[in-house]
Amino acid sequence: MNGFVNLLKPVGLSSSEAVVKVKRLLSDIGIKTAVGHMGTLDPLACGVLPVGIGKATRLFDYFLKKKKEYIAVFKFGIETDTLDSCGKIVNMNDKIVSKDEINGILPKFIGEIYQIPPQYSAVSVNGRRAYDIARSGKSCELKARRVSVDNIEVLNRNSDNTFTFDIKCGSGVYIRSLVRDIADELNTVGYMAALIRKKSGLFDINDSETIEEISDDINASIISIDKILCDMNTADFGRKDLERLKNGSMLDVDMEDGEYLIKENGNALALARVQSGTIKLTVRLL
């Protein structure tokens, strides 16, 4: 079995625990295969968690590049060590911020920006996860990373210092780092009080299903690889060229650089990359 489940992850469940639940459902119907999520959601967060099954798990790197959309609640005036509501308070500020002030500084966080990950994150530092170092009571130096934020919009003001935001961004963006940096620009502190992932690539929260809904008939919840990759450019080759590609050869092509979907007999065979006039398979799906 190969495909995806558009899982609606609840608050309190880690992404790894969610994967285990899907794997158990498959095992219950006699299917033992690889299962993996396509991008971590923190336990505090809920929403879309694409889960790959079988050879679909090979598309992890492909999904890392897809656009995401979040609804986030930011609380200003209080900072926690984890930058979310699960942590211990480490700083406070009595400033009350306004929606106009926020809107005035948001353009600084839209586009290509540099962002330092939170101390409590899965970033690897000399072979150790940053969150393991933080839990031991130590801190580590994390390097700023270039990420892309397409848009940030204040949806509403929930209370004096609590606001709901809509955030559209690329891969690698830490929403907890965004609230930290936005708060700093406002001369205050802040943390992420809640987070919902609305979209991850073509996966939409309106089409997602809970573990309970999936457990009714997991076969009916499987989304084909072809359907999820339907927005990709495709490339067609004759039988001989397909065999050469499948055997690991590179072919000379007159195609624009980029990533392509290769099909065989109407089914997704592989992802391929064109670079400087040559094409080579990067991910085998059949």
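Here the structure is a predicted model, which is why all the values come from computation and not from measurement. Count residues from 1 along the sequence.
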Peer 1: Below 4.5 Å, heavy atoms only, C-beta onward: do Val173 and Tyr70 meet side chain to side chain?
Peer 2: no
Peer 1: Quick one: closest heavy-atom pair of Ala270 and Leu261, and the distance?
Peer 2: O-CD1, 3.6 Å
Peer 1: Between Asp181 and Lys108, is the closest basic N to carboxylate O distance under 4.0 Å?
Peer 2: no
Peer 1: Spell out, as yes or no, whether a donor-acceptor pair under 3.5 Å connects the side chain of Lys9 to the backbone of Leu13.
Peer 2: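 Yes, because the side chain of Lys9 sits within donor-acceptor range (under 3.5 Å) of the backbone of Leu13.
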Peer 1: Please tell me whether Ile182 and Tyr174 are part of a single hydrophobic cluster in this structure, the criterion being side-chain heavy atoms less than 4.5 Å apart.
Peer 2: no
Peer 1: Which atom names give the shortest non-hydrogen contact between Asp166 and Lys198, and what distance separates them?
Peer 2: OD2-NZ, 4.1 Å
Peer 1: What verdict does the side-chain hydrogen bond (donor to acceptor under 3.5 Å, both in side chains) test give for Asn206 and Asp204, after you've listed the backbone C-alpha separation in whole Å, the side-chain angles of each residue and the deciding distance to 0.1 Å?
Peer 2: CA-CA 5 Å; Asn206 294 318; Asp204 191 293; 3.1 Å; yes
Peer 1: Counting only heavy atoms not in Lys227 (residues, nucleotides, ligands), do more than 12 fall under 6.0 Å from its NZ?
Peer 2: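 Count not over threshold, so no.
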Peer 1: Evaluate Ile196 against Ile205 for side-chain contact (heavy atoms from CB on, under 4.5 Å), listing each step before the verdict.
Peer 2: CA-CA 9 Å; Ile196 302 170; Ile205 196 169; 3.7 Å; yes
Peer 1: For the residue pair Leu202 and Cys230, what are the closest heavy atoms and their distance?
Peer 2: CD1-SG, 3.9 Å
Peer 1: Does this structure show an ion pair linking Lys246 with Glu243, if we count only N-O contacts that are shorter than 4.0 Å?
Peer 2: yes
Peer 1: Are any of the side-chain heavy atoms of Glu153 and Leu155 separated by less than 4.5 Å?
Peer 2: yes
Peer 1: Where do Ser15 and His37 come nearest, in terms of heavy atoms and distance?
Peer 2: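 Minimum heavy-atom separation between Ser15 and His37: CB-CD2, 3.6 Å.
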Peer 1: For a side-chain contact (heavy atoms from CB on, under 4.5 Å) check, start with the C-alpha distance between Ile116 and Arg180, then their side-chain angles and the critical distance, and finish with the verdict.
Peer 2: CA-CA 10 Å; Ile116 298 174; Arg180 176 198 64 205; 3.8 Å; yes
Peer 1: How many angstroms lie between CG in Asn93 and CZ in Phe76, if you round to the nearest 0.5 Å?
Peer 2: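 With rounding to 0.5 Å, CG (Asn93) is 11.5 Å from CZ (Phe76).
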Peer 1: At their closest point, which heavy atom of Gly258 faces which heavy atom of Tyr260, and how far apart are they?
Peer 2: O-CD1, 3.6 Å
Peer 1: Quick check for you: to the nearest 0.5 Å, what is the distance between Asn6 atom CG and Met38 atom CE?
Peer 2: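 Those atoms lie 12.5 Å apart.
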Peer 1: When rounded to the nearest 0.5 angstrom, what distance separates CG in Asp257 from CD1 in Ile279?
Peer 2: 10.5 Å
Peer 1: Side-chain contact test, heavy atoms from C-beta onward, threshold under 4.5 Å: evaluate it for Leu195 versus Asp42 and give yes or no.
Peer 2: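 No. Closest side-chain heavy atoms not under 4.5 Å.
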Peer 1: Are any non-hydrogen side-chain atoms of Ser14 and Pro43 less than 4.5 angstrom apart?
Peer 2: yes
Peer 1: Answer whether the closest heavy-atom distance between the side chains of Ile102 and Phe163 falls below 4.5 Å.
Peer 2: yes
Peer 1: Got Lys55 and Arg284 here, is their nearest side-chain heavy-atom distance under 4.5 Å?
Peer 2: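 A side-chain contact is absent here, since even the closest heavy-atom pair is not under 4.5 Å.
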Peer 1: Quick check on Gln275: does its CD atom have over 12 non-hydrogen neighbours (other residues, nucleotides or ligands) under 6.0 Å away?
Peer 2: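 Not buried by this count: 12 neighbours or fewer within 6.0 Å.
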Peer 1: Going hydrophobic residue to hydrophobic residue with side-chain gaps under 4.5 angstrom, can you get from Val73 over to Ile78?
Peer 2: no
Peer 1: From Leu83 CG over to Leu44 CG, what is the distance, rounded to the nearest 0.5 angstrom?
Peer 2: 11.5 Å
Peer 1: Do you know the tightest heavy-atom contact between Glu101 and Leu186?
Peer 2: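 Heavy-atom minimum between the residues: O-CD2, 3.7 Å.
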Peer 1: Consider only side-chain heavy atoms of I, L, V, M, F, W and Y, link residues closer than 4.5 Å, and tell whether Ile223 and Val51 are in one cluster.
Peer 2: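 Result: no, two separate clusters.
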Peer 1: CD/Glu69 to CG/Asn151 distance, rounded to the nearest 0.5 angstrom?
Peer 2: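 Glu69 atom CD to Asn151 atom CG measures 9.0 Å (nearest 0.5 Å).
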Peer 1: Check whether any side-chain heavy atom of Leu7 sits under 4.5 Å from a side-chain heavy atom of Ile214, and report yes or no.
Peer 2: yes
Peer 1: Is it the case that atom NZ in Lys66 sees more than 12 heavy atoms from other parts of the structure closer than 6.0 Å?
Peer 2: yes
Peer 1: Roughly how far, to the nearest 0.5 Å, is CD1 of Ile152 from CD1 of Ile167?
Peer 2: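 Rounded to the nearest 0.5 Å, the CD1-CD1 separation comes to 5.5 Å.
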Peer 1: Going hydrophobic residue to hydrophobic residue with side-chain gaps under 4.5 angstrom, can you get from Val154 over to Ile113?
Peer 2: yes
Peer 1: Given the rule in the side-chain hydrogen bond (donor to acceptor under 3.5 Å, both in side chains) test, do Asp84 and Thr82 qualify, once you have shown the distances and angles that lead to the verdict?
Peer 2: CA-CA 5 Å; Asp84 62 24; Thr82 58; 2.5 Å; yes
Peer 1: Flag the pair Thr33 / Thr57 as yes when at least one side-chain heavy-atom distance between them is below 4.5 Å, and no otherwise.
Peer 2: no
Peer 1: Would you say Ile175 ends up clustered with Phe165 if hydrophobic residues are merged whenever their side chains have heavy atoms under 4.5 Å apart, either directly or through other cluster members?
Peer 2: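 Yes; tracing contacts between hydrophobic side chains, which count when under 4.5 Å, links both residues.
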Peer 1: When you look at CD of Glu256, are more than 12 heavy atoms from neighbouring residues, nucleotides or ligands closer to it than 6.0 Å?
Peer 2: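 For Glu256, atom CD is not crowded (no more than 12 foreign heavy atoms under 6.0 Å).
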Peer 1: Does Phe4 have its ring centroid less than 6.0 Å away from the ring centroid of Phe63?
Peer 2: yes
